[in-house]
Amino acid sequence: MAAKPKLYYFDGRGRMEPIRWLLAAAGVEFEEEFLETSKDLEKLRNDGSLMFQQVPMVEIDGMKLVQCRAILNYIAAKYNLYGKDTKERALIDMYIEGVADLNEMYLFWSISPPNEQAAKMTQMKDKIANCYLPAFEKVLKSHGQDYVVGNRLSRADIHLVELLYTVDELDPSLLANFPLLKALKARISNLPNVKKFLQPGSPRKPPMDEKCLAKVKEIFQLK
């Protein structure tokens, strides 16, 4: 029996959360080893586990994979969540890069100084409401299908729905004018593997709080 994938990161969302979502959606059980201090990170660096000296890192199929896109690409391809041909894969890539752009905005907002957060939140909500959500709603409207690409589940659906949950946490009213996205969120959330991941006690992480932020700063030696 193959070993379960093992995830190395801190006990929080950050750049590992999309990986958790994708593995869970594929029905793959995984283990996690949480970094607690900067010494834990240094140990991984010193033993040669981190090719570029940074996490996330995932041990899977005898490999120690780093770089988020590489990890996600491998998981998606391995579990048939990456489209049926190169055209579908190109569309999936285009959509998930849009999701990743917004995720980056959210990530940097969450660790920004308190006196900058209000302005950054206003900017982020404007981007969500007037750029990203309309674009994804238009995609769903253009083909009238249940999934974003190819009328079957792909990583594009998983990453987009993860983003919609984040948007809901920021401001539930942002989704009010996007019925197709709300329907997609409900549909994907009811898939058995995703539904299980959304239950309390699952590996899904809560939004970053002050305690988690302090730990992140200590692990990565941030000011």
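Note that the coordinates shown come from a computational prediction; the quantities given were computed from them, not determined experimentally. For reference, positions follow the sequence shown, starting with 1.
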Find out whether L44 and L35 are in side-chain contact, i.e. whether some heavy atom of one side chain is under 4.5 Å from a heavy atom of the other.
yes
Please determine if K215 and E218 form a salt bridge, counting it only when a charged side-chain N lies under 4.0 Å from a carboxylate O.
no
Any luck finding a side-chain donor-acceptor pair between Y8 and S49 under 3.5 Å?
no
Just by distance, do the side chain of S202 and the backbone of F197 share a donor-acceptor pair under 3.5 Å?
yes
Check whether F34 and M16 end up in the same hydrophobic cluster, where Ile, Leu, Val, Met, Phe, Trp and Tyr are linked by side-chain heavy atoms less than 4.5 Å apart.
no
Looking at every heavy atom in both I188 and V194, which two are closest together, and how far apart are they?
O-CB, 3.3 Å
Applying side-chain contact (heavy atoms from CB on, under 4.5 Å) to K182 and not counting sequence neighbours gives L175
First locate atom CD1 of I158, then atom CG of L153, and finally report the distance between them rounded to the nearest 0.5 Å.
4.5 Å
List for me each residue that meets side chain to side chain donor-acceptor pair (under 3.5 Å) alongside E116, sequence neighbours excluded, and say none if there are none.
K120
With sequence neighbours left out, what residues match N73 under side chain to side chain donor-acceptor pair (under 3.5 Å)?
Y82, R155
Results of ring pair (Phe, Tyr, Trp, His ring centres under 6.0 Å) for Y106 - residues two or more places apart only:
W109
Near M63 CE, under 6.0 Å, is it more than 12 heavy atoms from other residues, nucleotides or ligands?
yes
Could you work out, with salt bridge (Lys or Arg N to Asp or Glu O under 4.0 Å) as the rule, every residue matching R20, not counting sequence neighbours?
E17, E32
Test of understanding: with side chain to side chain donor-acceptor pair (under 3.5 Å), list the residues that count as partners of Q117, not counting sequence neighbours.
none
Keeping D157 on the side-chain end and V148 on the backbone end, is there a donor-acceptor pair under 3.5 Å?
yes
Return the set of residues passing salt bridge (Lys or Arg N to Asp or Glu O under 4.0 Å) with D171 (not counting sequence neighbours), or none when no residue passes.
K125
State, yes or no, whether a side-chain contact exists between E59 and L65 at a heavy-atom distance under 4.5 Å.
no
Parallel, tilted or perpendicular, judged at 30° and 60°: which one describes the rings of Y165 and W21?
tilted
Which atom of L81 lies closest to which atom of A26, heavy atoms considered
CD1-CB, 4.1 Å
Sequence neighbours excluded, which residues qualify as side-chain contact (heavy atoms from CB on, under 4.5 Å) partners of N193?
none
Closest heavy-atom pair, S189 versus V161, reported as atoms and distance to 0.1 Å, is OG-CG1, 4.3 Å
Identify the two heavy atoms, one from A24 and one from F30, that lie closest to each other, and give their separation to 0.1 Å.
N-CE2, 4.4 Å
So does D168 pair up with K185, basic N to acidic O under 4.0 Å?
yes
Please work out which of the three classes, parallel, tilted or perpendicular, describes the rings of Y95 and F136, given edges at 30° and 60°.
perpendicular
Of the non-hydrogen atoms in C212 and F10, which two are nearest, and what is the gap between them?
SG-CE1, 4.0 Å
Can you sort out the partners of Q67 under side chain to side chain donor-acceptor pair (under 3.5 Å), two or more places apart, ordered by chain and number?
Q54
Determine, using the 4.5 Å side-chain heavy-atom cutoff (strictly less than), whether L107 and V66 are members of one ILVMFWY cluster.
no
For a salt bridge (charged side-chain N to carboxylate O under 4.0 Å, His left out) check, start with the C-alpha distance between K43 and E33, then their side-chain angles and the critical distance, and finish with the verdict.
CA-CA 13 Å; K43 182 177 182 297; E33 184 167 314; over 6 Å; no
Can a cation-pi geometry be assigned to R45 and F52, taking NZ or CZ under 6.0 Å from the six-membered ring centre and within 45° of the ring axis?
no
Does anything in residues 136-148 form a side chain to side chain donor-acceptor pair (under 3.5 Å)? List the pairs, not counting sequence neighbours.
none
Could you tell me whether the side chain of R13 reaches within less than 4.5 Å of the side chain of P207, counting heavy atoms only?
yes
Go through the steps to decide whether H159 and N103 satisfy the test side chain to side chain contact (heavy atoms under 4.5 Å, CB included), and finish with yes or no.
CA-CA 10 Å; H159 297 321; N103 277 335; over 6 Å; no
Heavy-atom count around E210 CD within 6.0 Å, excluding the residue itself: above 12?
no
Any residue meeting salt bridge (Lys or Arg N to Asp or Glu O under 4.0 Å) with R152, in chain and number order, not counting sequence neighbours:
none
Looking at residues at least two apart in the chain, or sitting in another chain, which of them share a salt bridge (Lys or Arg N to Asp or Glu O under 4.0 Å) with K195?
none
Given R15 and E104, is the salt bridge (charged side-chain N to carboxylate O under 4.0 Å, His left out) satisfied, shown in steps?
CA-CA 9 Å; R15 300 184 192 280; E104 283 293 294; 2.3 Å; yes
Side-chain heavy-atom pair L41, Q53 within 4.5 angstrom cut-off:
no
Between N130 and K127, is there a donor-acceptor pair closer than 3.5 Å when you use the side chain of the first and the backbone of the second?
no
Over all heavy atoms of both residues, which pair between L174 and A129 is shortest? Give the atoms and the distance, please.
CD2-CB, 4.1 Å
Neighbour count above 12 (heavy atom, 6.0 Å) for Q221 CD
yes
Do V55 and I219 touch side chain to side chain, with heavy atoms closer than 4.5 Å?
no
Under 3.5 Å, is there a donor-acceptor pair between the side chain of D126 and the main chain of T122?
no
M105 CE to I128 CD1 distance, which is reported to the nearest 0.5 Å
7.0 Å
